[in-house]
Amino acid sequence: MKQALAIVAHELKLFLSDRRSVIVGIVTPILLATFFGFLFSGAGKQDTAKIPVLVSDSDGSAVSRAVVAGLAADPLLAVTPATESAAREAVKRGKAAAAVLLPKGFGDSSVRAFFGAAKAPEIALLVDPSRATEAGLVRGLLSEKVFREASREAFGGSSGTKVLEESLRSMEANPAPATPERETLKQLLRDVTRWKESTKLGTDGAGATARGPGSSVPFTLKEEAVTARTGVTYNSYAHSFAGMGIQFLLFVALDFGIAFLLERQGGIWKRLRAAPLSRSSLLVGKALAGALVGLISVGATFAFGIVVLGIRIQGSVPGFLLLLVASALMASSFGLLLAALGKTPGATRGLSILAVLLLVMLGGGWVPAFVFPEWLRTVTLVLPTRWAIDGLDAVTWRGAGFVAGALPPAAVLVGYAALFLLVSRLRFRWTDG
Amino acid sequence: MNPALEVSGLRKSYGGVPAVDGVSFRVDEGTIVGLLGPNGAGKTTTVSIICGLLPSEGGAVRIAGAALSGDTDPAKGRLGLVPQELALYEELPADDNLRFFGALQCLDGARLASRIDDVLRLTGLSDRRRDRVKTYSGGMKRRLNLAAGLLHDPDVLLLDEPTTGVDPQSRNAIFESLEALRDAGKAILYTTHYMEEAERLCDRIVIVDHGRVVADGTAEELGALLPRARVPELDAEARAAIDLLAARGIAVPALDGGKPRLEEVFLHLTGHALRDER
């Protein structure tokens, strides 16, 4: 064991004496995690970037103007008036996420369509296909505004009254035999007309008939970010630091694996093997050294996040530390596995970088796993990175406890570490003969 | 003298091609034995088998009469290996390198500190012990490479071409260190391509070729293997002229004195055909 500990101390010295390793292991994850955290920080802040939307109103009716005003008043949208061709060009060039084209006759047609007296007018929504999420949001907001303004006009505006009267006259003049359905509809139109007269709204400042309240969405939405405890706000950096921390833990381990392969090619390997040193001591020493250096990397990354960016361990602190240790062990034994399976340092490095990036991406390190499709969420549970990142998320901003939040992922990670070590021990080429 | 290292009937092949084919020799206490051979003759493979880096397919290696068994056999501590490659961590100071290699040999505390002092003094590196190895000259690195192999005070020292690429001063310093070790009773197996090194240092020379020992004896004994008839007796004047030519790098092998040079013997035994590494 003394020899294994000597290997640990020696590797630590080597790591700290190599400026490049320190930069890769500590500075880079801090920079990347800060960047990603900043990028995804919109959910917890008020100054969310607005979605740029262009609107072309070819109608100019009360309804279309009200729809445009409604869109412009929405805090999520940055609405700019534009001609149809300019709007189309802007979306094509990616200058706007979407453009709304309100056609001529839109206001009148929408009110008529509301009572089934005409075909619904067609609103063109031009979208940038690369911004599907934003386009979906614009679609929802547009539907809400159009429904509200059309119903408001139908029940309170002058064109609504006109449509009602025309519809009633047309039905009464119809020589076809009366049916119960037609009689019921006629009665409805008469009742609405009477209701409108009884709630006469006068005129607005411009002399136009003022418009009533119209239909509205039958509920209000109170949005609440569910975090560890009341009063605790979500810190988007917590996830990005978990993701980047694990990614660079794996990169540090990869470096260790490659260094081991390089050692194997040179005289140091001969010196190690010529010493009275068991294979297990050698591998355990290397694994512990890799884990310790990895722990320094991920520890420094989180320390920066905690001190500078306000990340808080809202759940179990011992659980958080256990997860860091388990993740470091997993990563370090992964590095040994690469050294055991790889043949040359060059070839191993290329494939290993790809493997690390895939492990982190599919483990939810870049974007949280909850945005994955259901099947991918299930499949990626076989990856140790998924357990590490979900575990760190759980004990940081979700506020999970030791037993529920930290123990299961830590057990899985230690299990992976043992598996990687075992395979390394079995597959390592101890001699060239 | 007692044999510190005995090698008998070693065999090893790669892909059916024998690399070492029944090699046998011994190195006694207080002697330096040179292991010579062309590229691919089996020298490095022999050294690797002796120190347990490679398994042999036959034969035996005995250190002070006992065979090595397994990675952790304490008898491995009686062997010191100085690999052909510079087996050092360039980013670390000499002190840290030696501390690590000493710990691998189960040295610690005052014993380790004392041994580090000893080997640094022996190799003339005490003044630079705290400097990073990457700041050392090629000769200093070679000396430190030797120092690392001596840390645990091994009875048998295996040196695989330890003077590759070093300046004459460092080479001389290494020779003096090795002679001091021989005088202290160490058994040294010295692998080299340089005939003049073997002539100067070695008490006995083993020449291997195609994995077999083709000669084993003192320089004089090996010289006797050359056909003597073609070596004429030269007077002092002729001898001085030949030495002058030799000093300018011009060898006159057939006329260079009454005593045959080792290189002649070597070429006589292994032939003039070029060899490629296996």
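Predicted model only: the values in this text are computed from it and were never measured.
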Ranking B:E57, B:E85, B:E91 by heavy-atom pairs under 4.5 Å to chain A gives rank one to B:E85
If you compare all heavy atoms of B:L53 against all heavy atoms of A:A274, which two are closest, and at what distance to 0.1 Å?
CD2-N, 3.9 Å
B:R171 atom CZ: more than 12 heavy-atom contacts under 6.0 Å:
yes
What are the two closest non-hydrogen atoms of A:I268 and B:Y89, and how far apart are they?
CG2-OH, 3.2 Å
Give a yes or no answer on whether the side chain of B:K76 reaches the backbone of A:A275 with a donor-acceptor pair at less than 3.5 Å.
yes
CZ of A:R427: more than 12 outside heavy atoms within 6.0 angstrom?
no
Minimum heavy-atom separation for A:R271 and B:N145, please, with both atom names.
NH2-O, 2.8 Å
Pick whichever of B:D96, B:V82, B:L86, B:L79 has the most heavy-atom pairs under 4.5 Å with chain A.
B:D96
Is chain B contacted by the side chain of A:I7, its backbone, both, or neither, given a heavy-atom distance below 4.5 Å?
both
Tell me, for B:A148 versus chain A, whether the close heavy atoms (under 4.5 Å) come from the side chain, the backbone, both or neither.
both
Under a 4.5 Å heavy-atom cut-off, does chain A meet the side chain of B:L88, its backbone, both or neither?
both
Considering only heavy atoms, give the residues of residues 101-135 of chain B separated from chain A by less than 4.5 Å, sorted numerically, with 'none' for an empty result.
B:F101, B:A103, B:L104, B:Q105, B:C106, B:D108, B:R132
Tell me, out of A:H10, A:E263, A:Q3, who's got the most heavy-atom pairs with chain B below 4.5 Å.
A:H10
